[in-house]
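These values consider heavy atoms only, across backbone and side chains, with no hydrogens, waters or symmetry-generated copies. Every chain is numbered from 1 and lettered A, B, ... according to where its sequence line falls, protein lines coming before strand lines.
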Amino acid sequence: MDAATAVTATAGAAAAMVWFRKGLRVHDNPALDAARRGAARVYPVFVLDPRYLRPDPAAHSPGSARAGVARVRFLLESLSDLDAGLRRLGSRLLLLRARDDVPDALCAALRDWNIGKLCFEADTEPYALARDKRVTDFAAALGIEVFTPVSHTLFDPAEIIEKNGGRPPLTYQSFLAIAGEPPKPVMAEYSELPLIGDTGEYELLPVPKLEELGYGDISQENISPFRGGETEALKRMRESLQDKEWVSMFEKPKGDPSAFLKPATTVLSPYLKFGCLSSRYFYHCIQEVYRSTKKHTKPPVSLTGQLLWRDFFYTVSFGTLSFDHMKGNKICKQIPWRQNEELFVAWRDGRTGYPWIDAIMIQLRKWGWMHHLARHSVACFLTRGDLFIHWEKGRDVFERLLIDSDWAINNGNWLWLSCSSFFYQYHRIYSPISFGKKYDPNGDYIRHFIPVLKDMPKEYIYEPWTAPLSVQEKARCIVGRDYPKPVVDHEAASKECRKRMGEAYASNRLGGNTVNGKTSESSRRKSSDGGQDASDLSKSKQPKRRS
DNA sequence: ATGACGTTGAATAC
DNA sequence: GTATTCAACGTCAT
């Protein structure tokens with residue numbers, strides 16, 4: 001404490017801190033911009049969270065409890081690049097290591113460095129809201145000025161919800177109708193930042209290398225081809241936007257999920273997730289391309305449409321209690337998912353016996369990224385399509401392994417794909433055989449991610465169990481020995497799933513649990529006039545018809 | 001009540 | 001490549 005007070009004397013009153021969490025960039029960074037204005041000293045801080053970085057030996061793949069190695073690597077690369085960007089402006093990134101709690105570490109620095117103004121980008125995730133409240137409460141008690149601009153998303157989710165009468169819009173179209181045009185990015189040009197202040201006795205850590213974190217032997221794991229950081233983000237964006245024809249004619253559903261050497265999308269999602277790229281700047285740059293071409297596609301399928309989907313899920317997730325759970329979630333269908341650890345593990349580890357499904361899950365584990373439609377295939381397979389396993393189980397696997405894993409978007413898409421919310425046409429099931437085949441009849445994608453199948457003739461590569469034994473022998477891949485037999489029969493399993501979904505939907509209707517929150521109370525009240533609660537009870541007491 | 005609509009299904013026919 | 005059929009969901013405007 002005494003040392004700390006000594007530090008405050010030299011730091012001066014006009015010290016500001018910019019706290020980085022997401023938003024790992026210099027461009028379009030309102031928090032950084034506000035911190036530098038009128039401050040003699042600026043402390044750019046990132047707090048390393050041991051729960052995010054500490055190796056978890058019990059995890060099903062290398063990494064920590066929260067993140068697979070691919071995303072940890074991406075984060076570290078992003079931090080290195082942020083540090084380099086700040087150094088170009090005469091500053092640097094101050095890395096603090098939390099003992100076990102991020103707010104404690106940050107608050108100690110706020111106090112010890114005598115910070116007068118704290119700036120950080122607003123974050124709407126429940127975890128972040130709880131974390132940030134502890135920091136802002138502490139700052140308020142010390143009389144520290146706090147500035148928390150919205151700059152992660154195009155729009156302010158709270159504002160959209162307010163405009164919609166206090167409830168989040170639950171369809172994309174109604175979201176669009178409210179949203180309008182997003183604010184312009186703040187692209188202030190400046191050549192230097194205020195110097196960092198005295199950091200007293202704080203140990204200033206360099207950005208650790210992935211190898212130093214003790215994840216064991218990760219050399220065997222394929223390395224994700226996507227490098228983190230703002231520099232890489234801007235380079236990747238400019239490369240994508242160079243092909244104006246491609247940008248203006250982009251239609252997401254027409255992309256090829258099996259393309260991996262040159263992905264069918266921009267692969268900017270991980271950079272948006274960490275804020276290495278500003279969504280507003282990206283949006284603005286796409287608009288510029290549109291202005292230079294005769295015509296362009298439109299939301300929901302267009303490139304800007306994808307950014308709007310991101311904001312849609314941020315908004316709904318912000319305005320929905322228990323968005324990341326089935327129970328207690330008003331917009332989520334209540335479905336009696338099956339519990340089957342063996343089938344779940346087969347799915348998670350890419351051992352379902354369906355090469356298309358397994359290749360996608362292996363790409364996920366190794367790269368931390370796969371095409372959107374590939375995600376659809378495996379999510380459908382796990383939940384309503386084949387295995388009838390809870391979407392929360394799949395959500396957890398994606399959340400840990402994806403380099404672009406984003407709380408709002410990941411949960412939103414799992415709700416969507418499992419037909420629990422937003423999308424309800426549960427008869428539309430992705431075939432684990434024919435869906436991939438129509439894009440990649442030769443199975444190059446499968447051969448790349450599942451080397452044991454690389455010599456399987458293309459006639460059998462999507463269904464190796466149908467190959468005659470002589471063919472399997474020639475391909476040096478015996479099904480049941482070198483590659484698993486299918487864990488379920490898709491024809492039978494998907495038929496059963498349809499039936500279960502139909503029953504679950506019927507039961508939800510009778511229970512009055514409609515998605516938009518207005519239960520069938522109103523219609524019931526109208527029809528029963530005298531408030532005959534008994535009929536209501538009897539209705540809800542016999543929801544499960546057995547046929 | 002009714003009909004149009006919904007980012008991305010599969011199988012089949014032309 | 002595009003259209004049709006399959007069987008049929010919830011939401012929203014009328």
Side-chain angles (χ1 to χ4, degrees), chain A residues 164-165 167-179 249-259 263-265 269 296-313 316 330-335 354 356-357 360 370-381 383-386 409 412-439 441 462-463 490-491 493-495 497-520 522-523 526-527:
Chain A
N164 193 49
R167 281 190 310 218
L170 292 176
T171 65
Y172 185 74
Q173 295 303 333
S174 62
F175 172 83
L176 284 187
I178 291 161
M249 288 298 113
F250 182 88
E251 284 182 68
K252 184 66 158 283
K254 291 197 174 161
D256 175 356
S258 71
T265 53
S269 54
H296 59 82
T297 51
K298 299 210 157 44
V301 297
S302 64
L303 216 44
T304 49
Q306 305 314 303
L307 284 171
L308 290 159
W309 275 109
R310 178 172 177 270
D311 263 59
F312 170 72
F313 284 127
V316 182
K330 282 225 163 66
I331 69 167
C332 182
K333 293 270 185 207
Q334 302 300 303
I335 296 167
Y354 286 94
W356 171 248
I357 299 298
I360 295 166
M370 60 289 206
H371 186 275
H372 189 65
L373 291 178
R375 300 180 193 199
H376 279 212
S377 273
V378 295
C380 179
F381 188 89
T383 58
R384 66 184 171 83
D386 290 85
I409 301 170
N413 277 307
W414 276 98
L415 284 164
W416 187 295
L417 258 294
S418 63
C419 285
S420 296
S421 195
F422 307 115
F423 176 78
Y424 308 99
Q425 288 168 267
Y426 60 80
H427 280 86
R428 295 189 180 174
I429 291 173
Y430 290 86
S431 163
I433 297 153
S434 51
F435 185 72
K437 201 187 274 181
K438 77 180 171 202
Y439 298 98
Y462 284 87
E463 303 164 89
H490 174 65
E491 284 309 312
S494 60
K495 199 178 164 197
C497 280
R498 279 190 180 96
K499 184 171 150 263
R500 285 173 191 242
M501 287 299 284
E503 286 167 0
Y505 269 40
S507 160
N508 275 271
R509 276 194 297 272
L510 287 165
N513 189 358
T514 61
V515 160
N516 65 6
K518 48 178 161 167
T519 59
S520 39
S522 52
S523 54
K526 263 180 209 162
S527 58

Kindly compute the distance separating NZ (A:K438) from CG (A:D256), expressed to the nearest 0.5 Å. 10.5 Å

Taking atom P of C:dC12 as reference, at what distance in whole Å does atom OH of A:Y172 sit? 17 Å

Residue that, paired with A:F175, satisfies side chain to side chain contact (heavy atoms under 4.5 Å, CB included) out of A:P169, A:P299, A:P300: A:P169

A:F175 has an atom CZ; how far is it from atom P of C:dC12, in whole Å? 15 Å

How many Å lie between CZ on A:F312 and P on B:dG6, as a whole number? 14 Å

A:H490 and A:Y354: CA distance, side-chain angles, deciding distance, side chain to side chain donor-acceptor pair (under 3.5 Å) verdict: CA-CA 9 Å; A:H490 174 65; A:Y354 286 94; 5.5 Å; no

Could you state the CZ-C1' distance from A:F250 to B:dT7, rounded to the nearest angstrom? 10 Å

Could you state the atom-to-atom distance from CD1 of A:I335 to P of C:dG10 in whole Å? 11 Å

Rounding to an integer number of Å, can you tell me how far A:K499 NZ sits from C:dC9 C1'? 19 Å

If I take atom CZ in residue A:R384 and atom P in nucleotide C:dC9, what distance separates them, rounded to the nearest angstrom? 14 Å

Main chain of A:R428, side chain of A:R384: is a donor-acceptor contact present, judged purely on distance under 3.5 Å? yes

Assign each of A:T171 and A:Y505 to its nearest nucleotide of DNA chain C by heavy atoms, then name whichever residue's nucleotide is nearer the 5' end. A:Y505

Spacing of the P atoms in B:dT7 and C:dA7 (rounded, Å): 25 Å

Distance col, row A:I331:CD1 vs A:R167:CZ, nearest 0.5 angstrom, shows 12.5 Å

Report the secondary structure of DNA chain B in dot-bracket form, marking unpaired bases with a dot and bases paired to a different strand with |, and treating Watson-Crick or G-U pairs with both distances under 3.5 Å as paired. ||||||..||||||

Give a yes or no answer on whether the side chain of A:E251 reaches the backbone of A:S302 with a donor-acceptor pair at less than 3.5 Å. no

Roughly, in whole Å, what's the span from CD in A:Q334 to P in C:dG10? 15 Å

Is there a donor-acceptor contact under 3.5 Å from the side chain of A:Y426 to the main chain of A:C497? no

Heavy-atom donor-acceptor pair, A:R375 side chain to A:M370 backbone, under 3.5 Å: yes

If only atom types and distance count, is the side chain of A:D386 paired as donor or acceptor with the main-chain N or O of A:A493 below 3.5 Å? no

Base-contact (B) and sugar-phosphate-only (S) positions in nucleotides 8-14 of chain B, heavy-atom cut-off under 4.0 Å, - elsewhere: BBSS---

For atom C1', what is the distance between B:dC5 and C:dA8, given to the nearest Å? 14 Å

For B:dA4 versus C:dT5, give the span between their P atoms, rounded off to a whole number of Å. 16 Å

